[in-house]
Protein chains: 2
Amino acid sequence: MPRDLRLSRMLHVLIHLDRHVERATSDQIAGMISTNPVVVRRMMAGLRKKEILISEKGHGGGWQLARPLNAISLRDVYQAIGSPPLFNIGSGADPTDCLVEKAVDARLDLAMQEAERKLLKQFSEISVEDLAHDFEQRFAALQGDADEASANAAFKHFRTDG
Amino acid sequence: MPRDLRLSRMLHVLIHLDRHVERATSDQIAGMISTNPVVVRRMMAGLRKKEILISEKGHGGGWQLARPLNAISLRDVYQAIGSPPLFNIGSGADPTDCLVEKAVDARLDLAMQEAERKLLKQFSEISVEDLAHDFEQRFAALQGDADEASANAAFKHFRTDG
DNA sequence: AGACATGAAACTTTCATTGTTGCGTGATCG
DNA sequence: CGATCACGCAACAATGAAAGTTTCATGTCT
Ligand code: FES
Ligand code: FES
């Protein structure tokens, strides 16, 4: 089951760009998420258009957040990567002349659209900052040590500082 | 976006087996849904195991309902075809050592599982009979003629009677 | 000028679903 | 019985979209 990984990957990258480094190149990001720089650019181009990210060329260039994580919802990210189909099941597009088939498909699509609407509403209510913050809280709690230094240390697993 | 068409197709077939013919061969069904008989058997094998359908070999053999449509929910059908992944987006299975990535993926999966749970609950509350009945009602209304003969006529578009 | 980094287009790879072929088994008909 | 019909099952080929890759152009900093 090969799912669309862009949303998951983008969220990781966005948090990285807020918590670890203020700017990173496509190559660095590609190494981070085990893919390649062109895929990174393709994926992040949509976020640039929506003014979630800024990219700069040349020396010291790379990618950088255009606004704080609490101003970026999961829905924003989802739409920025092109609103890929959320569902794997649905009706086929080969129209026959059977009215029953059309009716069944229409009804099924309705249910899926309803589910999609609800899921996107949830997404609109969760900011990327929420994700990052929740993790830090939970991690600190697990450590039995509530100070933030410990939580932040968890981020230092991957050397990306220049 | 090539979705999984099995659920949609199976629903169509089930209604057909209740409203049009009491029994149909894989070849006939394949012609009906524009695919081929082996695909039909593969798809319907799961329904046989769940005792939704019965198949018989030899002359006059073929597929037949094992219980009435009102005793078959969308959820039953979905599970019978193997519970294929409902969603197209999700987290990848390539585990790195970044805790943030793991946390983001876990959170995303949680949201998806919640949505899946809700959708399956809806599915469990809709029977295949509901789908067929709703269609007949709606079709009759559209015809400006509320008698069932008119609605039933809509089913006769495809000659499958033997 | 040279090195760095993104932008964009074209091409290849990957992989799950679907489609296909072939053979075996059981059931009905004559 | 033998022939035909129809499913059961396994193995293989085709399809198509996402991911990966290559290549060249453009812009930026030293
Ligand atoms: S957040 Fe995972 S590498 Fe920085
Ligand atoms: S219901 Fe569509 S062909 Fe019978």
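Remember, it's a predicted structure, so these values are computed and weren't measured experimentally. Below, all heavy atoms of this structure are taken into account, side chains as well, without hydrogens, waters or symmetry copies. Throughout, a chain's letter reflects where its sequence line sits, starting with A, and its residues are numbered from 1.
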So, is S55(B) close to the dC7(D) phosphate, meaning a side-chain N or O under 4.0 Å from OP1 or OP2? no
In whole angstrom, what separates W63(A)'s CH2 from dC4(C)'s C1'? 16 Å
Candidates dT18(C), dG8(D), dT6(C) - which lies nearest the side chain of R42(B): dT18(C)
Is it the case that more than 12 heavy atoms not belonging to R67(B) sit under 6.0 Å from its CZ atom? yes
K57(A) NZ - dT30(D) P separation (whole Å): 17 Å
Answer yes if M43(B) and V77(B) sit in the same cluster of Ile, Leu, Val, Met, Phe, Trp and Tyr residues linked by side chain heavy atoms under 4.5 Å apart, and no otherwise. yes
Closest to side chain of S26(B), choosing from dC7(D), dT22(D), dT4(D): dC7(D)
Position toward the 5' end of DNA chain D (nearest nucleotide), T35(A) or D27(B): D27(B)
Rounded to whole Å, CD of Q64(A) lies from P of dT6(C) at a distance of 12 Å
d(CD, E56(B); P, dG26(C)) in whole Å: 15 Å
Using a cut-off of strictly less than 4.0 Å, decide whether R41(B) has a side-chain nitrogen or oxygen near OP1 or OP2 of dC7(D). yes
For I29(B) and dA6(D), what is the distance between atoms CD1 and C1' respectively, to the nearest whole Å? 12 Å
Specify the separation, in whole Å, of atom CZ of F87(A) and atom C1' of dT17(C). 20 Å
Just compare dG7(C), dT4(D), dT20(C) and give me whichever is closest to any side-chain atom of V39(B). dT20(C)
N36(A) side-chain N/O to dG20(D) phosphate OP1/OP2 under 4.0 Å: no
A106(A) backbone acceptor or donor facing D109(A) side chain under 3.5 Å: no
Among all residues two or more places apart in sequence or in another chain, which pass the ring pair (Phe, Tyr, Trp, His ring centres under 6.0 Å) test with F87(A)? F87(B)
If each of H59(A) and V38(A) is mapped to the nucleotide of DNA chain C with the nearest heavy atom, which maps nearer the 5' terminus, i.e. the 5' end? H59(A)
Does R6(A) make a side-chain N or O approach to OP1 or OP2 of dA19(D) shorter than 4.0 Å? yes
Examine L53(A) and V39(A) and state if one hydrophobic cluster contains both, with Ile, Leu, Val, Met, Phe, Trp and Tyr joined whenever side-chain heavy atoms are less than 4.5 Å apart. no
How close or far is atom P of dT14(C) from atom CG of L5(A), stated in whole angstroms? 17 Å
Can you give me the bend angle of the helix from dA1(C)-dT30(D) to dG30(C)-dC1(D)? Use the axis through the first five pairs and the one through the last five, nearest 10 degrees. 10°
Determine whether the side chains of S127(B) and N70(B) contain a donor N or O and an acceptor N or O closer than 3.5 Å. no
Is the number of heavy atoms from other residues, nucleotides or ligands under 6.0 Å of Q64(B) CD greater than 12? yes
Parallel, tilted or perpendicular, judged at 30° and 60°: which one describes the rings of F135(A) and F139(A)? tilted
Give a yes/no on whether any side-chain N or O of T25(A) is located under 4.0 angstrom from OP1 or OP2 of dA5(C). no
I54(B) atom CD1 is separated from dG8(D) atom C1', nearest whole Å, by 17 Å
